[in-house]
Asker: 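This structure is in structure tokens; I'll ask about it shortly.
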Amino acid sequence: MSKPLTKEVIQQQLQTITLPGSQGDIVSAGMVSDIFIKDGSVMFSLSVAAEKADDMEPVRKQAEDLVKSLDGVEKVMVALTAERAPGSSTGAAKPAPSAAAQRPARPQQGGGPAKLEVKGVKDIVAVYSAKGGVGKSTTAVNLALAMQANGLKVGILDADIYGPSIPRLLGITEKPETYPGTRILKPLKAHGLVAMSIGLLVEEDTPMVWRGPMVVSALTQMLRDVAWDMEGELDVLVVDMPPGTGDIQLTMAQQVPLSGAVIISTPQDLALIDARKGIAMFRKVSIPILGLVENMSYFLCPDCGSKHDIFGHGGAHATASDIDVPFLGEIPLHMEIRERSDDGQPIVAIEPEGEFGTIYRAIATTVAQSLEGAVKAAPKIVIE
Ligand code: ADP
């Protein structure tokens, strides 16, 4: 009988992979991150010096092929984590040839740890809430569709490792494929958006214990190794972030080259206290706050069309001005928003000109304006 699949078994195998031009192996060299195994999926990263990244691609491939050949392994994801320091001229691990345009995503706010390199995208916007269940994913999808309806080329990345829901919200069922002979993933298409989700790379409904290195390797794969510009350069990539203010969220805020963050909150005080914490987290890492959206702001009666402020409507607006962030708008609580999402037919995709489509598009317009302001106000990086 074959041995059960454990970290130790994988590590032993990886010890057979030697480093180019040396006697040492990749495990003894301390390059292998914590190895994560769940239901036949194996994920880990190899950390390499940025200037060696190109040379290490064959080693990464060798490690991936080796682990893939082990009994009980169905899926393997091995990422090279070599990031380019802002301003440095040494290339990060280069993806195999892809459709990626040459210009990396906009900002690099200066200072802090190196950001992941994302090609073929002008601006990356995080949609974030400090707690779950406030409608962050629903808003992220409808906001992305509203930006598209406003004439932008838009992609969406579901980085919510705790509850990836974008495939369901967009009605995506197929699995992503790589371009033959490369590790570059083709994003999936839904309602005109290009999309990728952590839920498509790992099994859905799998509770995962995520540790820092796993998050970085998953992010690396989803940002650097996806041909986001498959159909031309994106104006905006919307990232559905995991809720909360822990280390994982901070790591993401630091490593993804975000142009800014849109914060989603419900009107209740409690949610707003959390929203303030979230805003403080982004400020700590110098990511501009593009604004605050109040979701489930008021109840819109489906029968009579009248508004009912059952949740203390307006709380987010007041908080936004208190803490000096733009207020982006209010989205009512309405069955149609929920039902459309559950069917994989988001309301803005179906009725961009409808009552709710108009609300989301107005928010998208303000986000675009806020984005221009944030980019202009971003500190210039001076290389001495
Ligand atoms: P989160 O990403 O914050 O966990 P979701 O986007 O998954 O939240 O939304 C939680 C639930 O609330 C879902 O069932 C969703 O359909 C519903 N929902 C979100 N926003 C609205 C809204 N404006 N009106 C009605 N239902 C909503």
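In each ligand, atom 1 is the first atom listed, and ligand 1 is the first ligand listed.
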Asker: Select one of side chain, backbone, both or neither to describe which atoms of Asn295 lie under 4.0 Å from any atom of ligand 1, heavy atoms only.
Answerer: side chain
Asker: Do Lys136 and Asp240 meet the salt-bridge criterion of a basic N to acidic O distance under 4.0 Å?
Answerer: yes
Asker: Just distances here: any N/O of Lys136 and N/O of ligand 1 closer than 3.5 Å?
Answerer: yes
Asker: Where's the contact between Ser165 and ligand 1, heavy-atom distance under 4.0 Å: side chain, backbone, both or neither?
Answerer: neither
Asker: Would Ile331 count as being in polar contact with ligand 1, using the rule that some N or O on each side must be under 3.5 angstrom apart?
Answerer: no
Asker: Are Asp25 and Ile17 close enough that some pair of their side-chain heavy atoms sits under 4.5 Å apart?
Answerer: no
Asker: Taking only heavy atoms of His334, which atoms of ligand 1 are found under 4.0 Å from at least one of them?
Answerer: 24 (N), 25 (C)
Asker: Would you kindly specify which portion of Thr138 sits under 4.0 Å from ligand 1, judged on non-hydrogen atoms: side chain, backbone, both or neither?
Answerer: both
Asker: Going by distance only, is there an N or O of Ile337 that falls short of 3.5 Å from an N or O of ligand 1?
Answerer: no
Asker: Heavy-atom count around Asp343 CG within 6.0 Å, excluding the residue itself: above 12?
Answerer: yes
Asker: Where does Arg338 meet ligand 1, judged by heavy-atom distances below 4.0 Å: at the side chain, the backbone, both, or neither?
Answerer: both
Asker: Are any of the N/O atoms in Leu333 less than 3.5 Å from those in ligand 1?
Answerer: no
Asker: List the closest protein heavy-atom neighbour of atom 4 (O) of ligand 1: residue, atom name, distance to the nearest 0.1 Å.
Answerer: Gly133 N, 2.8 Å
Asker: What atoms of ligand 1 come closer than 4.0 angstrom to any heavy atom of Pro332?
Answerer: 22 (C), 23 (N), 24 (N)
Asker: How about Asn150 and Thr365: does a side-chain donor come under 3.5 Å of a side-chain acceptor?
Answerer: yes
Asker: Does the side chain of Met31 reach to within under 4.5 Å of the side chain of Met56, using non-hydrogen atoms?
Answerer: yes
Asker: For atom 8 (O) of ligand 1, what's the nearest protein heavy atom and its distance?
Answerer: Gly135 N, 3.1 Å
Asker: Ring of Tyr179, cation from Lys186 - is the NZ or CZ under 6.0 Å from the centre and inside 45° of the axis?
Answerer: yes
Asker: Out of all atoms in ligand 1, which are within 4.0 Å of some heavy atom of Met296? Include the element for each.
Answerer: 12 (O), 18 (N), 19 (C), 20 (N)
Asker: Taking NZ, NE, NH1 and NH2 as the nitrogens, is one of them in Glu231 or Lys189 under 4.0 Å from a carboxylate oxygen of the other?
Answerer: yes
Asker: Test your reading of the structure: does Ser137 have an N or O sitting under 3.5 Å from an N or O of ligand 1?
Answerer: yes
Asker: Between Ala218 and Ile198, what is the shortest heavy-atom contact and its length?
Answerer: CB-CD1, 3.7 Å
Asker: Taking 4.0 angstrom as the limit, do Asp235 and Lys122 come out as a salt bridge?
Answerer: yes
